[in-house]
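Please read the structure below before turning to the comments.
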Amino acid sequence: MTTAINGFDQVALGGLPAGRCTLVTGTAGSGKTLFAAEFLARGLQFFDEAGVFVTFEEPPTDIRRNVASLGFTVAEWESAGKWAFVDASARNAEEGLVVGAYDFQALAARIAHAVRTAGAKRVALDSLGAVFLRYPGPAVVRRELLRVADALESLGVTAVITTERGTEYGAMSRLGVEEFALDNVIVLRNTLFQERRRRTLEIVKFRGMPHRTGEWLFTIDPRDGIVVVPLAFLAPHEGTVIRDRVSTGIAELDTMCGGGVYRDAVVLLTGPTGIGKTLSGLHFVKAGAGAGERCLLYTFDETRQQLDRNAAGWGVDLPAMEAAGLLQVVSEYPETSSLEDHFILVRRAVEEFRPTRLVIDTLSALERIATPRALLDFVVALGAVLRPRAITALLTSLPADRTAPNPGPSIAARVASLTDVSVLLRYVETAGLTGRAVAVLQTRGSAHDHRIRDVTIDDTGMHIGEPLRGVSSVLTGYGVPVIAAGAHGTADHRAPASPVGPDG
């Protein structure tokens, strides 16, 4: 059964097994109640399938209020006879406080009545863990849970049953028997990583049904509910192939790239601190605004005031572009949100502002809050959002820090295969002076210039000059990758003509 929960059906390869019960287990704050409520709500929103919510802890009033921000109009659905609550919480005066074993037979009769009255196809029980504590031992819990599952399946409904667990890894449930009694088990985790919470989802088993394995990153968005990243955004794209090219804002770089970059390209620009990455982004934005295109600029390294000042020094008036409705600037420190929440905000800005160009400066700043795998997922999901909309993106990144105790691949090296154009900016040592150089490493599906060219920066911006001769990549004592001229070469030496070749 399709759940329509953002990205979950892609993990489940279609949804929950229809007509069966699925156990959803997790620690406090992992999203169990939301999963149960969203399973019912999405069924009503997209398939007009009525649902029954059985609550053992929170009263219906709290659940209605908590899901209202997601646009779930539970009260209206109740009035229409499409949503029914069965209140089995201890606070329910009708049920009262039960001492000793819980009477599931009476509860089953109430659920069956609600299902038949509403014509429900979906049922959620949240959370049975509160009831299981009343039983004397695991054997009794297992027997009672089997009875509950049999009763629900006899009604022909697809059910979600939530329960608690004590740790993120280890026993999947509090009593250690619930996962064995049911055919389908989903684990929600809310782990602490680098002093920040990180939610993941794992399908442990769907008996007799295929599903994706491993943990999948998800977030809880105040408007979209549960969103599994990146699977929520990887819908097949069957649009026409775009052959139009756009300018990077640096004419010489356009020439090096074979006449600009394709309109739906993702461009990765890598270079050390101070090399001109932000300036390249400003050139890119200025060119877009000059062509009447909307541009979205995300900066994770500078405050808005610093960005405006630095841009003005190169003759780029960001406030004027904003006033004309051609630019939206977002300046955030990575630490203000989780990586997946940053992605949701970028995606929402893309949907609402509808830019044709996007700059993210820099991806490397996000390494402070995320694992390498999570950053890969971020770029994969970003591409899935941008390409169908034909948005040209410029992503900047630092190179790997070779002086680190255990240096590994930089984010640039990890995501290079996911991008269409790779541009490398490096420092140049020549005759006691430090200069700059640029090389285009890749332009997918297009010819490009393979030569390394001289770069200068002045008060009007960045300029790319003639090819360099006799250069090779070396490392300085500071661990900053540079390009050094040959023993007697200088940055002014020009290389002989070199053919412009295609790149796959």
Side-chain angles (χ1 to χ4, degrees), residues 3-11 24 26-46 51 53 55 57-78 83 85 124 126-127 160 162 186 188-193 195-201 216-235 296 298 300 328-355 358 360 366 369-370 374 377-378 381-382 384-385:
T3 67
I5 294 173
N6 290 302
F8 174 77
D9 293 327
Q10 289 89 322
V11 179
V24 177
T27 56
S30 58
K32 301 182 300 298
T33 299
L34 177 59
F35 188 99
E38 193 166 348
F39 171 63
L40 298 189
R42 299 300 183 194
L44 275 162
Q45 286 182 329
F46 295 104
F53 195 104
T55 175
E57 293 185 311
E58 295 182 87
T61 302
D62 289 351
I63 295 170
R64 292 188 196 99
R65 182 179 63 249
N66 293 339
V67 301
S69 64
L70 299 172
F72 299 159
T73 55
V74 173
E76 293 181 11
W77 292 333
E78 287 181 276
W83 179 300
F85 278 107
D126 181 60
S127 153
V160 166
T162 71
I186 298 170
L188 305 181
R189 295 186 176 94
N190 188 24
T191 57
L192 189 64
F193 173 77
E195 301 178 356
R196 299 192 66 85
R197 287 289 172 184
R198 179 174 179 267
R199 290 186 172 93
T200 61
L201 177 151
W216 296 89
L217 188 69
F218 79 92
T219 186
I220 297 177
D221 182 68
R223 287 167 51 178
D224 293 337
I226 292 173
V227 181
V228 182
V229 180
L231 292 178
F233 309 97
L234 297 183
L296 177 61
Y298 257 81
F300 293 109
Q328 181 175 321
V329 178
V330 180
S331 176
E332 292 277 2
Y333 288 111
E335 291 78 8
T336 58
S337 300
S338 66
L339 180 68
E340 53 272 25
D341 288 336
H342 279 302
F343 171 78
I344 294 296
L345 293 174
V346 172
R347 192 231 356 181
R348 186 162 293 142
V350 166
E351 291 177 342
E352 295 176 354
F353 186 61
R354 302 176 68 182
L358 168 68
I360 294 183
L366 297 174
I369 62 168
D377 286 347
F378 177 92
L382 188 65
V385 169

Smallest separation among heavy atoms of [X] and [Y], with atom names:
X      : Y      : value
Ala349 : Pro355 : O-CD, 4.2 Å
Lys32  : Val24  : CD-O, 4.1 Å
Leu339 : Ile369 : N-CD1, 3.7 Å
Arg199 : Asn190 : CG-OD1, 3.6 Å
Pro334 : Leu366 : CB-CD2, 4.2 Å
Ser127 : Glu57  : CB-OE1, 4.0 Å

Q) Glu352: what forms a salt bridge (Lys or Arg N to Asp or Glu O under 4.0 Å) with it, not counting sequence neighbours? A)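 With sequence neighbours excluded, Glu352 shows a salt bridge (Lys or Arg N to Asp or Glu O under 4.0 Å) to Arg223, given in chain and number order.
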
**Q.** Under the salt bridge (Lys or Arg N to Asp or Glu O under 4.0 Å) test, residues paired with Arg197 that sit two or more places apart
**A.**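 By the salt bridge (Lys or Arg N to Asp or Glu O under 4.0 Å) rule, Arg197 matches no residue at all.
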
Check whether [X] reaches the backbone of [Y] with its side chain - one donor and one acceptor, N or O, closer than 3.5 Å.
X      : Y      : value
Glu340 : Val229 : no
Asn6   : Asp224 : yes
Thr55  : Pro60  : no

Is there a side-chain contact between [X] and [Y] (heavy atoms, below 4.5 Å)?
X      : Y      : result
Ile360 : Leu382 : yes
Asp377 : Trp216 : no
Ile344 : Thr219 : yes

Q.
What verdict does the side chain to side chain contact (heavy atoms under 4.5 Å, CB included) test give for Ile63 and Phe85, after you've listed the backbone C-alpha separation in whole Å, the side-chain angles of each residue and the deciding distance to 0.1 Å?
A. CA-CA 10 Å; Ile63 295 170; Phe85 278 107; 4.1 Å; yes

Q: State whether a side-chain donor-acceptor pair under 3.5 Å links Thr33 with Asp126.
A: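 Yes, Asp126 and Thr33 have a side-chain donor paired with an acceptor closer than 3.5 Å.
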
Please round to the nearest 0.5 Å and tell me the distance separating atom [atom1] of [X] and atom [atom2] of [Y].
X      : Y      : atom1 : atom2 : result
Ser30  : Leu201 : OG    : CG    : 10.0 Å
Asp9   : Thr3   : CG    : OG1   : 3.5 Å
Leu345 : Arg348 : CG    : CZ    : 7.0 Å
Phe8   : Ile186 : CZ    : CD1   : 3.5 Å

**Q.** Pair Asp221 + Arg347: basic N to acidic O under 4.0 Å
**A.**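 Salt bridge between Asp221 and Arg347, a charged N being under 4.0 Å from a carboxylate O: no.
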
Q. Using the ring of each side chain (for Trp, its six-membered ring), is Phe53 parallel, tilted or perpendicular to Trp83, with breaks at 30° and 60°?
A.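 Plane angle under 30°, so parallel.
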
Q) Step by step, would you call Val385 with Phe343 a side chain to side chain contact (heavy atoms under 4.5 Å, CB included)? A) CA-CA 10 Å; Val385 169; Phe343 171 78; 3.8 Å; yes

Q | His342: which of Tyr298, Phe300, Phe378 passes ring pair (Phe, Tyr, Trp, His ring centres under 6.0 Å) | A |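 With His342 as partner, ring pair (Phe, Tyr, Trp, His ring centres under 6.0 Å) holds for just one option, Phe300.
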
Q.
Walk me through whether Leu217 and Arg198 qualify under side chain to side chain contact (heavy atoms under 4.5 Å, CB included).
A. CA-CA 8 Å; Leu217 188 69; Arg198 179 174 179 267; 3.6 Å; yes

Q.
Under the criterion side chain to side chain contact (heavy atoms under 4.5 Å, CB included), I'd like the reasoning laid out for Thr162 against Val160: C-alpha separation, chi angles, the key distance, then a yes or no.
A. CA-CA 7 Å; Thr162 71; Val160 166; 4.3 Å; yes

Q.
Does atom CZ (Arg354) have a neighbourhood of more than 12 heavy atoms from anything else shown, all under 6.0 Å?
A.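 Result for CZ/Arg354: open.
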
Q) Quick check: are there more than 12 heavy atoms from other residues, nucleotides or ligands sitting under 6.0 Å from OH of Tyr333? A)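 For Tyr333, atom OH is not crowded (no more than 12 foreign heavy atoms under 6.0 Å).
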
N/O donor to acceptor pairs below 3.5 angstrom from side-chain atoms of residues 68-78, sequence neighbours left out:
| unit_1 | atom_1 | unit_2 | atom_2 | d |
| --- | --- | --- | --- | --- |
| Glu78 | OE1 | Arg64 | NE | 2.5 |
| Glu78 | OE1 | Arg64 | NH2 | 3.3 |
| Glu78 | OE2 | Arg64 | NH2 | 3.1 |

